[in-house]
Trainee: 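The structure that follows is given in the form of structure tokens.
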Amino acid sequence: MEYIKAFVVGGIICVLAQILMEKTKMMPGRIMVTLVVTGVVLGFLGIYEPLVDWAGCGATVPLTGFGYNLFEGMKNSIARMGFVGLFKGGFESAAVGCCAALIFAYIASLIFQPKMKK
């Protein structure tokens, strides 16, 4: 049942992003930023945490989950360090994921030798 909940919630988030791509003139970069900011705002309002508890990776893997992760890192860091945590917390919570994405993207580029489209 856990996999089904994750699939449904992740699918709904992806469907909403696809609707934004199809029905608006927003560029993909702006849609990505919108999803991250939505995760931060929903985390701040206390709406995203119950969704993460219920759906697991279905809510944490999409870009809204990245925004939620940034917010949680800042919230925890502010509780520990005060005002400085506002600037440090997001980096601490997201550093591992960003580094892994860069490393695996580099490895994939070595394996598949990407080329620019003509």
Side-chain angles (χ1 to χ4, degrees):
M1 190 62 181
E2 191 173 324
Y3 295 121
I4 293 171
K5 290 190 286 188
F7 178 77
V8 168
V9 170
I12 289 171
I13 293 169
C14 291
V15 164
L16 293 174
Q18 188 67 38
I19 289 170
L20 281 175
M21 287 195 296
E22 298 291 329
K23 299 294 182 187
T24 67
K25 294 183 180 187
M26 291 175 70
M27 299 299 289
R30 289 184 186 221
I31 293 172
M32 290 171 51
V33 169
T34 300
L35 291 171
V36 172
V37 170
T38 300
V40 171
V41 170
L42 291 177
F44 175 75
L45 295 175
I47 297 170
Y48 210 78
E49 187 168 358
L51 185 64
V52 168
D53 293 340
W54 186 76
C57 288
T60 59
V61 171
L63 283 172
T64 51
F66 180 70
Y68 169 73
N69 184 31
L70 289 173
F71 170 74
E72 284 296 311
M74 286 190 302
K75 183 175 78 170
N76 295 336
S77 191
I78 289 170
R80 279 193 334 256
M81 293 182 251
F83 183 72
V84 175
L86 180 65
F87 303 102
K88 191 174 178 183
F91 290 113
E92 287 178 346
S93 67
V96 173
C98 290
C99 288
L102 289 171
I103 290 168
F104 289 124
Y106 179 71
I107 291 170
S109 73
L110 292 176
I111 294 170
F112 296 106
Q113 301 176 356
K115 295 179 179 67
M116 296 294 292
K117 290 183 179 181
K118 294 182 181 180

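The structure presented is a predicted model; accordingly, all values stated were derived computationally and were not measured.
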Trainee: Would you say N69's side chain and T60's backbone share a donor-acceptor pair under 3.5 angstrom?
Mentor: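 Between the backbone of T60 and the side chain of N69 there is no qualifying donor-acceptor contact (under 3.5 Å).
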Trainee: Report the residues that fulfil side chain to side chain donor-acceptor pair (under 3.5 Å) with E92, sequence neighbours left out, ordered by chain and then residue number.
Mentor: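 Once residues adjacent in sequence are excluded, the partners of E92 under the side chain to side chain donor-acceptor pair (under 3.5 Å) criterion are R80.
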Trainee: Within the supplied structure, the quantity of interest is the number of heavy atoms (other residues, nucleotides, ligands) at a distance under 6.0 Å from M81 CE; does it exceed 12?
Mentor: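 Atom CE in M81 is crowded, with more than 12 foreign heavy atoms closer than 6.0 Å.
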Trainee: Which residues pass the side chain to side chain contact (heavy atoms under 4.5 Å, CB included) test with V61, sequence neighbours left out?
Mentor: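 For V61 the side chain to side chain contact (heavy atoms under 4.5 Å, CB included) partners, ignoring immediate neighbours, are C57.
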Trainee: Membership question, hydrophobic clusters at under 4.5 Å side-chain separation (ILVMFWY): are W54 and V52 in the same one?
Mentor: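 Looking at the clustering, W54 is in the same group as V52.
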Trainee: Do you know the tightest heavy-atom contact between S77 and G85?
Mentor: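 That would be OG-CA, 3.2 Å.
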Trainee: What residues form a side chain to side chain contact (heavy atoms under 4.5 Å, CB included) with F112, not counting sequence neighbours?
Mentor: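 Testing F112 for side chain to side chain contact (heavy atoms under 4.5 Å, CB included), a comparison that skips the adjacent residues, returns A108.
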Trainee: With sequence neighbours excluded, give me every salt bridge (Lys or Arg N to Asp or Glu O under 4.0 Å) pair touching residues 31-46.
Mentor: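 Qualifying pairs: none.
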Trainee: Mind jotting down which residue pairs meet the ring pair (Phe, Tyr, Trp, His ring centres under 6.0 Å) criterion with at least one end in residues 15-43? Sequence neighbours excluded, please.
Mentor: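 Output for this query is empty, none listed.
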Trainee: Identify each donor-acceptor pair in which a side-chain atom of residues 37-48 lies under 3.5 Å from a protein atom, sequence neighbours left out, and give them as a table.
Mentor:
unit_1	atom_1	unit_2	atom_2	d
T38	OG1	T34	O	2.6
Y48	OH	A59	O	2.5
Y48	OH	T64	OG1	2.7
Y48	OH	G65	N	3.4

Trainee: Please list all pairs passing the salt bridge (Lys or Arg N to Asp or Glu O under 4.0 Å) test where one or both residues lie in residues 44-56, with sequence neighbours left out.
Mentor: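 Residue pairs passing salt bridge (Lys or Arg N to Asp or Glu O under 4.0 Å), neighbours aside: none found.
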Trainee: Give a yes or no on whether I111 and I103 share a hydrophobic cluster (residues Ile, Leu, Val, Met, Phe, Trp, Tyr; joining criterion: side-chain heavy atoms under 4.5 Å apart).
Mentor: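 Linked within one cluster.
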Trainee: Output the distance between atom CZ (F71) and atom CG (N76), rounded to the nearest 0.5 Å.
Mentor: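 It is 9.0 Å, given to the nearest 0.5 Å.
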Trainee: Members other than L102 in its cluster, when Ile, Leu, Val, Met, Phe, Trp, Tyr link by side-chain heavy atoms under 4.5 Å?
Mentor: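 Listed partners: none, L102 stands alone.
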Trainee: Only distances under 3.5 Å count here; give the side-chain donor-acceptor pairs of residues 13-26 to other protein atoms, sequence neighbours excluded, each with its distance to 0.1 Å.
Mentor:
unit_1	atom_1	unit_2	atom_2	d
Q18	NE2	E22	OE2	2.9
T24	OG1	L20	O	2.4
T24	OG1	M26	N	3.4

Trainee: Who are the side chain to side chain donor-acceptor pair (under 3.5 Å) partners of Y68, not counting sequence neighbours?
Mentor: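 Side chain to side chain donor-acceptor pair (under 3.5 Å) list for Y68, sorted by chain: empty.
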Trainee: Mind checking who shares a hydrophobic cluster with I78, ILVMFWY linked at side-chain heavy-atom distances under 4.5 Å?
Mentor: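 Answer for I78: M74, F83, L86, F87.
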Trainee: Does K75 have any side chain to side chain donor-acceptor pair (under 3.5 Å) partners at least two apart in sequence or in another chain, and if so, which?
Mentor: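 Only E72 meet the side chain to side chain donor-acceptor pair (under 3.5 Å) criterion with K75.
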Trainee: Counting only heavy atoms from other residues, nucleotides and ligands, does the tally under 6.0 Å from NZ of K88 exceed 12?
Mentor: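 Atom NZ in K88 is not packed in, count stays at 12 or less.
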